[in-house]
Amino acid sequence: MLNSTAAQIAADITALPQRTTATVRKVRRQHSRALRTADAAFVIGLARDLLARDSREGRSGLRWVAYELIRNHKPAFASLNDALLEELGQGMHSWDTVDDFSRTLSGPAWLHGMASDALIHRWAASKDLWWRRAALVSTVGLNMRSYGGAGDTPRTMAICEMLAADREDMVQKALSWALRELVWHDPAAVQSFLDTHDQHLAARVKREVRAKLTTGLKNPRRKPSVPSPLGTDKGR
DNA sequence: CTCAGTGCCCTTTCGAGAAT
DNA sequence: ATTCTCGAAAGGGCACTGAG
């Protein structure tokens, strides 16, 4: 039963005339609807099946769909815990697989109390850069309004502190993201972090976070699109 | 030559409002 | 209550600059 559901989802996606975020998500929505009455264990099992297929066939689309199916099934999402989250994240190998996992599952799970602080801290200390990035992106879930995040300075800062001096580009970008998301709730704490870690932070992090603090944007436009009296902009 | 730092590009997502 | 719409802003990538 499980296998056939996973096979059906994979087939539906393969059959799409063109595979885009929108078209794949539409397929996912249809299956979420059909799974409304399924129990948590079934949906988790289905996700496992999809993840196995994904790594076997190298199709990251299925990984993403697996995560979204759990996120959009209340009992399945509520059944998440440390061990399950870590299992579901196995095999993350790129920025997008990490972001799918962290923004869809681990961040929201942390926010709602199904993931422990210890778990996220363990990820932040991992030798694997993708798990370190997952720890940072998970804090985005604590602070993003659309996820119900009300702002969590202590838990966000704890992870940022651990990775302030990380040299991996993918980790630095995520650190920048985590800090900028907290700016909405606690700009003073973010500014203080920049001051404290000025010597160790990557230039990119400093620049983007400083820009966010002062202009509200990560990459402020060179000129606030003033109608350009003399055609000076438009450079490459 | 190498590499940190920067500016800007392309695609997707956010977020608020309108429409159903 | 959803779903749709659309401008703004997010994501990472990459070419370019210049210091060493």
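These figures come from a predicted structure and were not determined experimentally. Throughout, protein chains are lettered first and strands after them, A, B, ... in sequence-line order, and every chain is numbered starting at 1.
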Between A:Asp100 and A:Arg63, is the closest basic N to carboxylate O distance under 4.0 Å? no

Assign A:Lys206 to base, sugar-phosphate, or nothing according to its heavy-atom contacts below 4.0 angstrom with the strands shown. nothing

What is the distance, rounded to the nearest whole Å, between atom NZ of A:Lys212 and atom C1' of C:dA9? 7 Å

For the side chain of A:Thr21, counting heavy atoms from C-beta on, which of B:dG7, B:dT13, C:dA10 is nearest? B:dT13

Could you verify whether a donor N or O on one side chain and an acceptor N or O on the other, from A:Arg180 and A:Ser176, lie under 3.5 Å apart? yes

For A:Arg167, I'd like to know if atom CZ has over 12 heavy atoms of other residues, nucleotides or ligands within 6.0 Å. yes

Value for OG (A:Ser4) from CG (A:Leu46), rounded to nearest 0.5 Å, stands at 9.5 Å

Calculate the interatomic distance between A:Asp96 atom CG and C:dA10 atom P; express it in whole Å. 20 Å

Find the distance A:Leu201:CG to B:dT6:P and express it as a whole number of Å. 13 Å

So, with a heavy-atom separation below 4.0 Å from DNA chain C, the residues of residues 167-174 of chain A are A:Met170, A:Lys173

Once you round it to whole Å, what is the distance between P of B:dC14 and CG of A:Asp99? 11 Å

Could you pick out which residue, A:Lys218 or A:Arg33, lies toward the 5' side of DNA chain C when each is mapped onto its nearest nucleotide? A:Arg33

Rounded to the nearest Å, what distance is computed from the CZ atom of residue A:Arg180 to the C1' atom of nucleotide C:dA10? 8 Å

Rounded distance (Å) that lies between atom P of B:dG7 and atom CZ of A:Arg210: 11 Å

Of A:Glu208 and A:Trp184, the one whose closest nucleotide on DNA chain B sits nearer the 5' end is A:Glu208

Quiz question: by atom type and distance under 3.5 Å, do the side chains of A:Trp110 and A:Asp117 form a donor-acceptor pair? yes

NZ/NE/NH1/NH2 to OD/OE distance under 4.0 Å, A:Glu208 and A:Lys173: no

For A:Trp130 and A:Ser94, which heavy atoms make the closest approach, and how far apart are they? CZ3-C, 3.5 Å

Which part of the nucleic acid, if any, lies within contact of A:Arg207, taking any heavy atom under 4.0 Å across all strands shown: a base, the sugar-phosphate backbone alone, or nothing? base

Side chain of A:Leu217 (C-beta onward), nearest among C:dA10, B:dT6, C:dG11: C:dA10

Which nucleotide in the list B:dC14, C:dG12, B:dT12 gets nearest to the side chain of A:Trp95? C:dG12

Just the rounded figure in Å: distance from P of C:dG11 to CH2 of A:Trp177. 6 Å

Rounded distance in Å - CE (A:Met144) to C1' (C:dA9): 11 Å

